[in-house]
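Here the structure comes first, spelled out in structure tokens, and everything after it is commentary.
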Amino acid sequence: MSETIFSKIIRHEIPADIVYEDDDILAFRDINPQAPVHVLIIPKVEIATVNDIQPEQAELIGKMVLAAQYIARQENIAEDGFRLVINCNQHGCQVVFHMHMHLIGGKQLRGLAG
Ligand code: 5GP
């Protein structure tokens with residue numbers, strides 16, 4: 001896959017408001033937040049879309065969810081609740097082709113049907 005802006009953020013070449021980092025995962029605030037808390041959780045390894053996740057990366061995807069749990073607590077939104085979203089390709093409105101999980105919360109969100 002070709003590199004995205006997120007690779008530059010991983011290498012700390014461009015600024016981002018980083019809220020969590022470990023060997024495998026980086027999380028930073030979305031530049032265009034859709035809610036009071038809007039954090040992007042990304043694997044450091046380049047995976048373009050959900051379609052490209054390999055079976056041996058299952059643990060990595062699990063770590064992304066655990067990072068979301070940790071950040072939600074850190075942001076004091078765990079008890080009220082939040083939403084985790086991964087967009088994929090055109091119908092999912094994916095814009096950046098480095099797979100990422102949106103952690104969105106801090107306000108009452110609309111139901112998916114609404
Ligand atoms: P997607 O639609 O691909 O799921 O979401 C991409 C997200 O990345 C968007 O919410 C957009 O605001 C965010 N984004 C794009 N470029 C940057 C950037 O350079 N910095 C940060 N922090 N967020 C970005």
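Note that the coordinates shown come from a computational prediction; the quantities given were computed from them, not determined experimentally. One-based numbering, in listed order, for ligands and for the atoms of each.
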Pairs of nitrogen or oxygen atoms closer than 3.5 Å, one from Q94 and one from ligand 1: do any exist? no
Does K63 form a salt bridge (Lys or Arg N to Asp or Glu O under 4.0 Å) with D24? I'd like the steps, not just the answer. CA-CA 8 Å; K63 285 181 177 177; D24 303 313; 2.8 Å; yes
Should K107 and Q34 count as side-chain neighbours, where that means a heavy-atom distance under 4.5 Å? no
Do M99 and D52 have side chains that approach each other closer than 4.5 Å (heavy atoms only, starting at C-beta)? no
Any non-hydrogen atom of C93 lying under 4.0 Å from ligand 1? yes
Determine whether any heavy atom of F6 lies closer than 4.0 Å to an atom of ligand 1. yes
Who's the nearest protein heavy-atom neighbour of [atom], and how far?
atom                    : result
atom 7 (C) of ligand 1  : D30 OD2, 3.5 Å
atom 22 (N) of ligand 1 : R29 O, 2.9 Å
atom 15 (C) of ligand 1 : V96 CG2, 4.1 Å
atom 19 (O) of ligand 1 : I5 CG1, 3.7 Å
atom 5 (O) of ligand 1  : H100 NE2, 3.1 Å
atom 14 (N) of ligand 1 : I31 CG2, 3.9 Å
atom 8 (O) of ligand 1  : L40 CD1, 3.5 Å

Please list, in number order, the atoms of ligand 1 under 4.0 Å from a heavy atom of [X].
X   : result
F28 : 21 (C), 22 (N)
N87 : 1 (P), 2 (O), 4 (O)
N32 : 12 (O)
V95 : 1 (P), 2 (O), 3 (O)

Please test H102 against H100 for ring pair (Phe, Tyr, Trp, His ring centres under 6.0 Å), starting from the C-alpha separation and ending with a verdict. CA-CA 7 Å; H102 297 254; H100 51 279; 5.1 Å; yes
Looking only at heavy atoms, the pair that brings I25 and D22 closest together is N-OD1, 2.7 Å
So that I know where these two stand, are F6 and F97 an aromatic pair - ring centroids less than 6.0 Å apart? no
Going hydrophobic residue to hydrophobic residue with side-chain gaps under 4.5 angstrom, can you get from L103 over to V65? yes
State plainly whether one hydrophobic cluster holds both I10 and V45, where clusters connect Ile, Leu, Val, Met, Phe, Trp and Tyr through side-chain heavy atoms under 4.5 angstrom apart. no
Verify the distance criterion only: is there a donor paired with an acceptor across the side chains of S7 and E46 at less than 3.5 Å? yes
